[in-house]
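Here is the naming used below: chain letters follow the sequence lines, and residue numbers restart at 1 for every chain.
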Amino acid sequence: MTTPSDPEKQPPSSALTPLPPFRPDLYQRAWLSIPHPTLPLLATAHATSVTIFSLANLTQHSTLTGGHARSVRSVAWQPTTTTIDNNNNNNNTLRLVTGSFDATAGVWSYRDKTHSPSALEQDVTGGDSDDSDEWEFNLVLEGHDNEIKSCAFNPAGNLLATCSRDKSIWIWEDVGGDGDDGGDWETVVVLQEHDADVKAIAWCPDVRGRNEVKGVFSVEVLASASYDDTVRIWREEDGEGEWACVAVLEGGGGTGGRFPRLVTASADGGVRIWEREEAEEEEDVGAAGSNPWGAIPGTVRREMREEWTCKAVLPRVHTRDVYSVAWSGKSGIVATTGSDGVMALYREEGNGWKLVDKVEEAHGPYEVNHVTWCKRWDAGTEMKGEEEMLVTTGDDGVVRPWQVRIA
Amino acid sequence: MDNANPTILNVSQLPSRAQKRAPRAGPDSKYDAIVLSHPAWADDLSDSDEFGGDESEDYVSENSLDEQEIYDLISTVMDPEHPHTLGELNVVRLPDIHVTPPRPGSPRGLATVLVELTPTINHCSLATIIGLAVRVRLERVLPPNYRVDVRIKDGSHAQDGEVSKQLSDKERVAAALENNTLAGMIDNMLKTCTV
């Protein structure tokens, strides 16, 4: 089974080719790297800092330091970048949120001094801007009792979700305010139905079908994965501002998704695809007992429940915890990394999922904490801003891009 | 104090290979080969062409540690409340250490070390910190291709499953080590480890 000639394990042509890593090495554990939704920038969290890399030349662009007392575990780019102020000036402001083990989330902004609409992009693609001084630590979002493990913006960029070991998820709304500071933030809701640490959260990307249940929910869908071995799906009742858990998925882990489907990765080494069932007449689910809702306080109204079922389990590749999973909305390819240092690619074929390629020791002997899909902007691609690559982040402090070629 | 009267093993009864070894060449040089060596994987990490190619069997064979060597590394960790080591208290036991050496076929190979701890009493409130200290101890001295799993032995503790789950959660371990109180306790427990 493990012989090199086994076609299952060793695809004839390798789909993954390592590209030269981002420079410089960080020389310490790096937790994750998040690409900007539109600009050629990548933010990597390591220790109490964040290093921003330019995707144009694969080197350091700037750094964010001094905002947190403990490790930055997660970062999120706010999707909107350009605002017009009262004087009709373009404020090309980059805004990044950091979620830290010090229980706070920081809001940072990077101001483009030239105020020219296109200067920011030229600047970052040129890649030789000054170091950290353009980043300002604007404000602190306080509320969690202990470590923030993940943070994420919804596609529109007005809602930020943070989750913590304190078992809660907070949703914060950017209600505008002066672009000179980090804006004004209000707490929308605190969701406290998980029984243990909330380890990962993901908003549904802006895709069609996100709002199939008309008149019941507003457009946003949030998924959370917990140490309590469940994944919960949260939606806002349309127009009410009331958030509710609409589904509980048992046996989850880290999450990523393409609604109405969701992929989860778990410390049991498993990677699962979940799908929302089409709405159907519900049987009487009021009775407690065998049904999992019985134990849950009545925050889920019956008509708001969604049925999510595990539709597929990806071929088992990892021998230890799976730390990260990334699902490309463009190619449909799923990538995973984990404690065993393996990176694996999977593709849906027919009714199942097949292993496309796998690389052992993707970061040498170190664990690979994170994998993400990312657009290529470097000189090595002929389709800047279109071709997708993978970026892995490891305990070795190396951030490594990978070319993906699938026949 | 949880257990005021723990059973103490005589040091001479503890399994050890240390005495059978040749005298040390200098202070704390026993693991210099591991700690200070330029590992083979570092040579070609930066060379992307060789990624996953070059097999460095020397590294594996030179650095394969056995259960006794793991025991020697962690049996000297001090208990947080008794003036004895985890070896003397029989919290760390040689038969409960399991080493899986690197798989021969893989490029450089991952090795795993599983340590099952037996707390002195089954409701020991310090089981988590003991497990954390053992994990930290091994992660500091073992080469990076070693994966360390520390668990509380089944049935030896009222919350063995819960404590084991905490000890295997990378984020929780990382966050705990940023807690100055916990980190200070662990440093104290590791003071007696001479390597």
Side-chain angles (χ1 to χ4, degrees), chain A residues 2-4 9 14 16-21 23 25 29 31 47-48 68-71 73-74 100-103 146-150 164-165 196-197 199-200 227-229 267 319-321 323 338-342 358-367 369 394-396 398 400-403, chain B residues 34 37-56 59-60 63 100 102-114 135 139 142-149 161-162 164-183:
Chain A
T2 53
T3 52
K9 300 249 169 188
S14 180
L16 284 164
T17 312
L19 299 169
R23 292 292 171 200
D25 287 0
R29 169 182 292 162
W31 281 109
T48 57
H68 291 287
R70 295 190 185 175
S71 285
R73 173 66 184 89
S74 176
S100 167
F101 281 170
D102 70 10
N146 46 41
E147 300 98 84
I148 292 179
K149 305 217 172 202
S150 179
S164 162
R165 184 164 69 85
D197 318 14
K199 293 180 70 81
Y227 191 83
D228 67 13
D229 298 334
T319 54
R320 298 178 58 81
D321 297 16
Y323 288 150
S339 167
D340 59 6
V342 169
K358 105 177 167 171
V359 175
E360 288 191 32
E361 299 182 39
H363 283 241
Y366 292 95
E367 301 193 340
N369 293 320
D395 267 355
D396 51 357
V398 171
R400 181 181 288 281
W402 300 79
Q403 179 180 287
Chain B
I34 298 163
S37 69
H38 180 69
W41 51 264
D43 293 333
D44 55 5
L45 256 189
S46 56
D47 186 350
S48 53
D49 288 333
E50 301 225 335
F51 222 74
D54 181 38
E55 302 216 358
S56 44
Y59 175 69
V60 170
N63 291 295
T100 312
R103 192 157 50 89
S106 64
R108 292 166 206 88
L110 288 189
T112 57
V113 176
L114 168 63
R135 181 167 166 163
E139 285 184 345
L142 294 180
N145 62 319
Y146 275 73
R147 297 291 183 270
V148 177
D149 294 313
E162 187 51 38
S164 296
K165 187 173 178 180
Q166 283 186 43
L167 290 172
S168 66
D169 187 295
K170 184 177 190 172
E171 289 180 313
R172 282 211 180 184
V173 169
L177 297 179
E178 294 187 8
N179 175 320
N180 289 335
T181 313
L182 280 176

Subject >> side chain to side chain contact (heavy atoms under 4.5 Å, CB included) against B/Ser168, all qualifying residues, sequence neighbours excluded >> reply: none

Original post:
chain B heavy atoms under 4.5 Å from A/Asp321: which part of the residue, side chain, backbone, both or neither?
Top reply: side chain

Original post:
Would you call A/Arg320 and B/Asp149 a salt bridge, using N to O less than 4.0 angstrom?
Top reply: yes

Subject >> For B/Ala111, all residues meeting side chain to side chain contact (heavy atoms under 4.5 Å, CB included), sequence neighbours excluded >> reply: B/Pro102, B/Tyr146

**OP:** Check each atom of A/Arg70 against the heavy atoms of chain B and say whether the ones under 4.5 Å are side chain, backbone, both or neither.
**Re:** both

Original post:
Which answer fits A/Asn369, side chain, backbone, both or neither, if we ask what part of it has an atom under 4.5 Å from a heavy atom of chain B?
Top reply: side chain

Subject >> Closest heavy-atom pair and its distance - A/Glu361, B/Leu110 >> reply: OE2-N, 4.4 Å

Subject >> chain B contact via A/Thr319 - which portion, at a heavy-atom distance below 4.5 Å >> reply: neither

Subject >> Lys/Arg N to Asp/Glu carboxylate O, A/Glu147 vs B/Arg172, below 4.0 Å >> reply: no

**OP:** Decide yes or no on side chain to side chain contact (heavy atoms under 4.5 Å, CB included) for B/Arg147 and A/Glu367, but give the supporting numbers first.
**Re:** CA-CA 9 Å; B/Arg147 297 291 183 270; A/Glu367 301 193 340; 3.3 Å; yes

Original post:
What are the two closest non-hydrogen atoms of A/Arg29 and B/Ala174, and how far apart are they?
Top reply: NH1-CB, 3.5 Å

Original post:
Mind checking which of residues 175-182 of chain B sit less than 4.5 Å from chain A, heavy atom to heavy atom?
Top reply: B/Ala175, B/Glu178, B/Asn179

**OP:** Could you tell me which residues satisfy side chain to side chain contact (heavy atoms under 4.5 Å, CB included) with A/Ala196, sequence neighbours excluded, listed by chain and number?
**Re:** A/Ser226, A/Tyr227, A/Asp228

**OP:** Under the side chain to side chain contact (heavy atoms under 4.5 Å, CB included) rule, what do B/Lys170 and A/Asp395 come out as? Steps first, then yes or no, please.
**Re:** CA-CA 11 Å; B/Lys170 184 177 190 172; A/Asp395 267 355; 2.9 Å; yes

Original post:
Is there a salt bridge (Lys or Arg N to Asp or Glu O under 4.0 Å) between A/Arg165 and B/Asp169 once you walk through the steps?
Top reply: CA-CA 12 Å; A/Arg165 184 164 69 85; B/Asp169 187 295; over 6 Å; no

